[in-house]
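Okay, structure first, notes after.
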Amino acid sequence: MSNKTVLITGTSSGIGLATAVAAARSGWHVVATMRDTRKSGSLEAAAEDAGVSVDVHSLDVTDPVSVEACLAGLGQLDALVNNAGAGHVGTLEQESVEDVRAVMEVNFFGVLHVTRAALPLLRESKGRVLTVTSVGGVVGQPFNEAYCAAKFAVEGFMESLAPVAATTGVSVSVIEPGAVASEFVSNAGLGNMPDMGPYAPALFAYLERTRNAFANAQTPMDVAQTLVDLLAAEQPAFRVLTSESACAFAGTKVKDLDGSAVQKLTRAWVS
Ligand SMILES: NC(=O)c1ccc[n+]([C@@H]2O[C@H](COP(=O)([O-])OP(=O)(O)OC[C@H]3O[C@@H](n4cnc5c(N)ncnc54)[C@H](OP(=O)(O)O)[C@@H]3O)[C@@H](O)[C@H]2O)c1
């Protein structure tokens, strides 16, 4: 396995950091990318603790020039893990369209930029694309309008791309975690929420419910193990949920043809 290269986005913390270390431990050559390489200290310390090394590269998923520059230097690529992403809590009336666009830039267009640049190399290696989406890419959740829209978009994009990429030997999968105890919630900017006006009581109820949900969160290392298993799998499934609670939650949607079951569930989060 040591001659195989995987590029992972967003490795400064959380799932990306844990996956970089776990993949290196499994023998992969890891191109660990982050938008600000001054934040590589935690990754490098974790890699050192595990007795492995990773190659840290600069890559901002929202900047196609940075993406192309990183990919151009590689020569070989056997797998891409689209992990970088950012949470966002808000609702349409209390935020600008620019706020929503920024969420799409990171979580949707970021995935497109990197995948597009990686595909020529992945076609050569008959490699794979693993994209971390979310149960929020299956079930729309209160105050996650922009985030869920972006993750739904990624899911639709990848589900459509998968059969096309398969004709050239490239496999495409989406990985859907539920709550994961990473930097995700603190990075989502809950401390800088605008005045929520008439939605304040609903937001309060939502945040209370979210705190409880994150009390039982998976660890980033759990999700990393799923990703490393998929890197090695002979034929990775298209969709992989990373926990039983994620399966139960996303499963509600599959059978909910008129949308009433999801509405019953999510309305209870905000009342
Ligand atoms: N945690 C959860 O509950 C959860 C649940 C479902 C899905 N997910 C998904 O899992 C993935 C990883 O999130 P996480 O939980 O590990 O959260 P995290 O600890 O906040 O990690 C997110 C990573 O993405 C990076 N990132 C953000 N914007 C970027 C950009 N423009 N270019 C490159 N990297 C960028 C961050 O870098 P900086 O340090 O520079 O900000 C960080 O390394 C995300 O796609 C997220 O949507 C998370």
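Since the structure is predicted, the reported quantities are computational estimates derived from the model, not experimental observations. Along the sequence shown, residues carry numbers from 1. Whatever order the structure lists them in is the order used to number ligands and atoms, beginning at 1.
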Within the 4.0 Å heavy-atom cut-off, what T133 brings close to ligand 1 is backbone

Return yes or no for this condition: an N or O of M34 is under 3.5 Å from an N or O of ligand 1. no

A student checking ligand 1 against N83 at a 4.0 Å heavy-atom cut-off should list atoms 11 (C), 12 (C), 44 (C), 45 (O)

When distances are taken from atom 14 (P) of ligand 1, the protein heavy atom at minimum range is S182 OG, 3.3 Å

**Q.** Polar proximity ligand 1 side, A179 side, N/O cut 3.5 Å exclusive
**A.** no

Applying a strict 4.0 Å limit to heavy atoms, is K39 in contact with ligand 1? yes

re atom 32 (N) of ligand 1, the protein heavy-atom contact at minimum distance is V61 N, 3.0 Å

If you compare V132, L17, T242, V180 by their heavy atoms, the one closest to atom 10 (O) of ligand 1 turns out to be V132

Atom 20 (O) of ligand 1 has as its nearest protein heavy atom N187 ND2, 2.9 Å

With heavy atoms and a 4.0 Å threshold, my read on which part of S13 contacts ligand 1 is both

Residue, atom and distance of the protein heavy atom nearest atom 13 (O) of ligand 1 read F184 CD1, 4.1 Å

shortest atom 47 (O) of ligand 1-to-protein heavy-atom contact is with Y147 OH, 2.6 Å

Okay, side chain of R128, backbone of L231: is any donor-acceptor separation there less than 3.5 Å?
-> yes

the protein heavy atom lying closest to atom 37 (O) of ligand 1 turns out to be S12 OG, 3.3 Å

query = Within the side chain of S66, is there an N or O that forms a donor-acceptor pair under 3.5 Å with the backbone of D60?
reply = yes

Q. Would you say A181 contacts ligand 1, with heavy atoms under 4.0 Å as the rule?
A. no

| request: Would you please classify the geometry between the F143 ring and the Y206 ring as parallel, tilted or perpendicular, with 30° and 60° separating the classes? | output: tilted

Pairwise side-chain contact, S40 with M34, heavy-atom cut-off 4.5 Å (strictly under):
yes

**Message:** Is it the case that the side chains of H88 and E95 hold a donor-acceptor pair, with the cut-off being a distance below 3.5 Å and no angle test?
**Reply:** yes

Inset, instruction - Verify, without hydrogens or angle tests, whether S173 (side chain) and A237 (backbone) share a donor-acceptor contact under 3.5 angstrom. - result: yes

the protein heavy atom lying closest to atom 25 (C) of ligand 1 turns out to be G10 CA, 3.8 Å

Short version for T9: what comes under 4.0 Å of ligand 1, heavy atoms counted, is neither

- request: Report yes or no: do S245 and N216 form a side-chain donor-acceptor pair below 3.5 Å?
  value: no

Indicate yes or no: does an N/O atom of E183 lie under 3.5 Å from an N/O atom of ligand 1? yes

Checking heavy atoms under 4.0 Å, the part of V106 that sits near ligand 1 is side chain

Sidechain-backbone polar pair: T219 side chain, D222 backbone, donor-acceptor under 3.5 Å: yes

**Message:** Other residues, nucleotides and ligands only: do more than 12 of their heavy atoms fall within 6.0 Å of CD on Q263?
**Reply:** yes

The protein heavy atom nearest to atom 41 (O) of ligand 1 is R35 NH2, 2.8 Å

Checking side-chain polar atoms at under 3.5 Å, does N3 have a donor or acceptor matched by the opposite partner on H29? no

Using only atom types and a distance under 3.5 Å, with no angle test, would you say the side chain of D256 pairs donor to acceptor with the backbone of A261? yes

Rounded to the nearest 0.5 angstrom, the CZ-CE distance for F109 and M104 is 6.0 Å

Is L59 close enough to touch ligand 1? Criterion: a residue heavy atom under 4.0 Å from a ligand atom.
yes

Quiz item: If you measure only the distance, is there a donor-acceptor pair under 3.5 Å linking the side chains of T5 and Q76?
Solution: no

G14 heavy atoms within 4.0 Å reach ligand 1 at atoms 16 (O), 19 (O)

Ligand 1 to T62, heavy atom cutoff 4.0 Å, flagged ligand atoms 31 (N)

Discussion item. I'd like to know whether the aromatic ring centres of Y147 and F152 sit less than 6.0 Å apart in this structure.
Written reply: no

Quiz item: Near F204 CZ, under 6.0 Å, is it more than 12 heavy atoms from other residues, nucleotides or ligands?
Solution: no

Point to revise | Check: S134 N/O within less than 3.5 Å of ligand 1 N/O | key: no

Start with the C-alpha gap between S42 and L17, add the side-chain angles, then the distance that decides, and say whether side chain to side chain contact (heavy atoms under 4.5 Å, CB included) holds. CA-CA 8 Å; S42 307; L17 184 157; 3.7 Å; yes

With heavy atoms and a 4.0 Å threshold, my read on which part of E176 contacts ligand 1 is neither

Any heavy atom of K151 under 4.0 Å from ligand 1? The part involved is side chain

For ligand 1, is there an atom lying under 4.0 Å from some heavy atom of D60? yes

All heavy atoms of E155 vs all of F238, minimum pair found to be O-CZ, 4.4 Å

For F214, the atoms of ligand 1 under 4.0 Å from one of its heavy atoms are 3 (O)

| So is P177 polar-close to ligand 1, meaning N/O to N/O under 3.5 Å? | no

Ligand 1 to G85, heavy atom cutoff 4.0 Å, flagged ligand atoms 22 (C), 24 (O), 27 (C), 44 (C), 45 (O)

